[in-house]
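Protein chains get the first letters and strands the later ones, always in sequence-line order, with residue 1 at the start of each.
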Amino acid sequence: MSSDRRKPYPFDQIEPKWQAIWDERQLFHAPNPGEKGFHPPKPKFFVLDMFPYPSGAGLHVGHPEGYTATDIVARYKRLRGFNVLHPMGWDAFGLPAEQYAIKTGQHPAVTTRENVAKFKSQLKRIGFSYDWKREINTTDPNYYKWTQWIFLQIYNSWFNPETNRAEPISTYRGTDPDTVRLAYVADVPVNWCPELGTVLANEEVVDGKSEVGGFPVVRRPLRQWMLRITAYAERLLNELEGLDWPEGIKLLQRNWIGRSQGAEIDFKIENMEQRIRVFTTRPDTLYGGTFLVLAPEHSLVDLIVTEEQWPAVREYRERAARKSELERADLSKEKTGVLTGAYAINPATNEKIPVWIADYVLLGYGTGAIGGVPAHDERDLEFAKKFDLPIVIVVQPTGDEPAFGFTGEGIAVNSPIINGLTSAEAKKKITSWLEERGLGKRAINYKLRDWLFSRQRYWGEPFPIVWENGRHRALQEKELPVAPPPLDDYKPTGTGEPPLAKAKEWIRYSDKANRETNTMPQWAGSCWYYLRFCDPRNDKRFVGEEAEHYWMGGDKPGGVDLYVGGTEHAVLHLLYSRFWQKVLFDLGYVSKPEPFQRLVNQGIILGEDNQKMSKSRGNIVNPDDVIDHHGADAFRCYEMFMGPLEQMKPWSTRGVEGVARFLARVWRLLMTENQAGDWELSQKIKAVDATKQQQKLLHATIKKVTEDIESFSFNTAISQMMIFVNAVTNAETIPLAAMRKFLILLNPFAPHISSELWERLSAKFRDAPGDVTQQSWPVYDERLLVEDEVEIVIQINGKLRDRVRMPIVATEEELKAAALANPKVQDRIAGKAVRNVIVVPKKLVNIVVT
RNA sequence: GCUCGCGUGGCGGAACUGGCAGACGCGUACGGCUCAGGACCGUAUGGGGCGACCCGUGGAGGUUCGAGUCCUCUCGCGAGCACCA
């Protein structure tokens, strides 16, 4: 007696069989222009997954959700005659491999190789139709050579505000190009994570902790490489407009970029030459400004602070510096601050107002200084109350809310030159007034900060930069790639000096020059990988011109036609790669300013207990187990049948059984088991015409599945196929041609079983040459879908009372007459007045009575 | 606190521009077939009532001949931002 249960159909045999065939025949390889097998008339379709970081834990059920969706689309588009680019690769630089190396001494490259092999075999088991000839790995020198090359293009260019685009640094006419490069070095307060021994980008810090690992992050000044992404703030914001992305993601990016419009106003300091510049979105409240506040770190503080205030200021600054980001941002705490002892002049009122420092003002935003308008700003009000500062009302609400503490728009009061104007008008007028006097100007501010681009890590791309006499200098293209040095000890130094600094020989570039020892962040490789997929083996260029033009759409709309991934990259990868794409576009290297035309986010898959899957909860579902039990086709179909792709939804073991049962029914529809226990083709299959009803259902199914794939409603597409199979199951004879069409519809969802059944049909009937993957997508005939009769709903006062079958050609008058003559209606409306009869052709009649 | 998104049976979810609420699947019940095997097949399945009928899409209003769908308010859940001047 065998312990393993008999399989409802032999997926364990047919799935490996077809995977091997696909591999061997390179069936899913997409030829590039000029290559063998390339057909110019075929339209292109670029469908991309967010490539994974190959972790040691292997694939979890969340990964294949998006991958299955894109695979269905890829297979569908091929059947529709597209040349489909559907690639996969590995985003393999990153912390886990490095931390494993620190623990065990095993080189990250070895760990990466092992993990990639594991991921790849898991993906292959699911039957994804990737073009494996295009596989890329960000840690491959042939790949990161070009990541470094792109960095050099960024380094060697600047953003020309007049043309609003990046240009080669040679076009810069100023004295020091290093001040305008898109990649530059700056001493900035950075997010330093002691536990990880590295700095992190703003985007990588969540609630004062590292996104990876959740370790505390503190502010610390360090000299770091930055990328001038802020130069692109406006374009990154505006060009979101034309993208077919979920509104939620667009909104996240808009908020992250955080554009606000207002004015910069200069305040004279009493008895000093310097002026304090503040940024405000409400210049119309200038008359209500009764104090100024500078960020504690503001550079003017040293100059303006008075002798007697020095001790207090120094102490306050030290305390602020010691605070973590989290403590500083704690909203529940009371406002703090100290007087500098200096006074400024409000340019509108000419009054003397005190200058304070307080940590609620951030150095990083605006000018690092604000004008305090306590009557119309919550924070300023809180501050003014705490320190007993004057409060002057200058905006009168138009509603009946109190003016005190009113932060909305209203009418200007107590403001001589703008009295009576609406806030919008007042803003314009006061700003012009300031501009005329050289006291201020219109200004736009962004929350977006420049991208902190260096990391103190081993397992990342080294910068193609050397230092000589304290100045940085780019390497030549021919010196790429710059490989990381071999090291025995990968540990962070803890001082902020990168581990590469330990490689004494590697650092020494020449007698005079040393190599840069920072590495690039993990995002670097993923910023442009979609471009490399177009031409992954090119050793002359990061992507061949013709290949880029073809796959990214050239002058036609497109780019990556479909990009599927999680929302977690909304302000990280998706913002960074848009930025790189724009730089490359400006410099003439690529044909599109935006990389991803259409973006779809898959929702998270929860555990069976409705909780987030996690090791500690013990609710993780392993795809390998599911495939062992039910096969890859059932796994794929269940991932899609669970519910809408974008939605968060829980895993259900029972649910998998349901779809597995469906596939088994498909199998048994065409196959029967003989005495010996072998599967053979069912005798019920005949090369006969389908019945009228079968024909109608088939065409309804073609229509529904086609439309549902186009609209990403994979769950309802599967429902419709279930309805079809349920209906055909009881038929005496099974019409061959209809089943052929059905198998093509099923193929994108369940490629193995549909391939096998197709082949078995071909062995007997020889009516359709080739594999199912080589067929073309069925077309439905609208004429077959129209009914002769329809069911008309009869309502009285909007409530369902009866249904009658009527010819589809029935006129409104006929429908109305039939409804009124209906016995149930007669009973109900007896003695009542019919006030109105609404007729919706082919649908319903609604009788309105009193 | 602010900004988005979402609330439909015992469960996952269907329902195109307002037009038969609950497709499909799970679960459950009964029946069949069987070596009672957690396999397979069939039938039923929103709630209430013996019944004709009545009630039902988080809650309260509104628009409409007609609302799960549109509008207003409200409650709950999820996500994002969080002193951004």
Identify all pairs in which a protein N or O lies below 3.5 Å from an N or O of nucleotides 40-43 of chain B, and state each distance.
unit_1	atom_1	unit_2	atom_2	d
B/C40	O3'	A/R668	NH2	3.0
B/C41	OP1	A/R665	NH1	3.3
B/C41	OP1	A/R668	NH2	3.0

Not counting sequence neighbours, list each pair that qualifies as a salt bridge (Lys or Arg N to Asp or Glu O under 4.0 Å) and has a residue in [range].
range	value
residues 840-850 of chain A	none
residues 634-647 of chain A	A/D71-A/R636
residues 708-720 of chain A	A/K704-A/D708
residues 439-448 of chain A	A/E264-A/K441

Protein-nucleic acid N or O pairs under 3.5 Å, nucleotides 5-13 of chain B:
unit_1	atom_1	unit_2	atom_2	d
B/G12	O2'	A/M642	O	2.7
B/G13	OP1	A/Q647	NE2	2.5
B/G13	O5'	A/Q647	NE2	3.4

Using distance only, find each side-chain donor-acceptor pair of residues 823-833 of chain A under 3.5 Å and give its atom names and separation, not counting sequence neighbours.
unit_1	atom_1	unit_2	atom_2	d
A/Q826	NE2	A/L820	O	2.6

When you compare the protein's N or O atoms with those of nucleotides 65-72 of chain B, which come within less than 3.5 Å of each other, and at what distance?
unit_1	atom_1	unit_2	atom_2	d
B/C65	O2'	A/N846	ND2	3.2
B/C65	O2	A/N846	ND2	2.5

Listed partners of A/N846 passing side-chain hydrogen bond (donor to acceptor under 3.5 Å, both in side chains), at least two apart: none
For A/Y780, ring-ring contact (aromatic ring centres under 6.0 Å, His included) partners two or more places apart: none
Qualifying side chain to side chain donor-acceptor pair (under 3.5 Å) pairs with a residue from residues 290-301 of chain A, counting only residues at least two apart or across chains: A/E297-A/R328
Intra- and interstrand pairs of RNA chain B - dot-bracket, Watson-Crick/G-U under 3.5 Å, | marks other strand: (((((((..(((......[....)))((((((.......))))))(((....)))..(((((..]....))))))))))))....
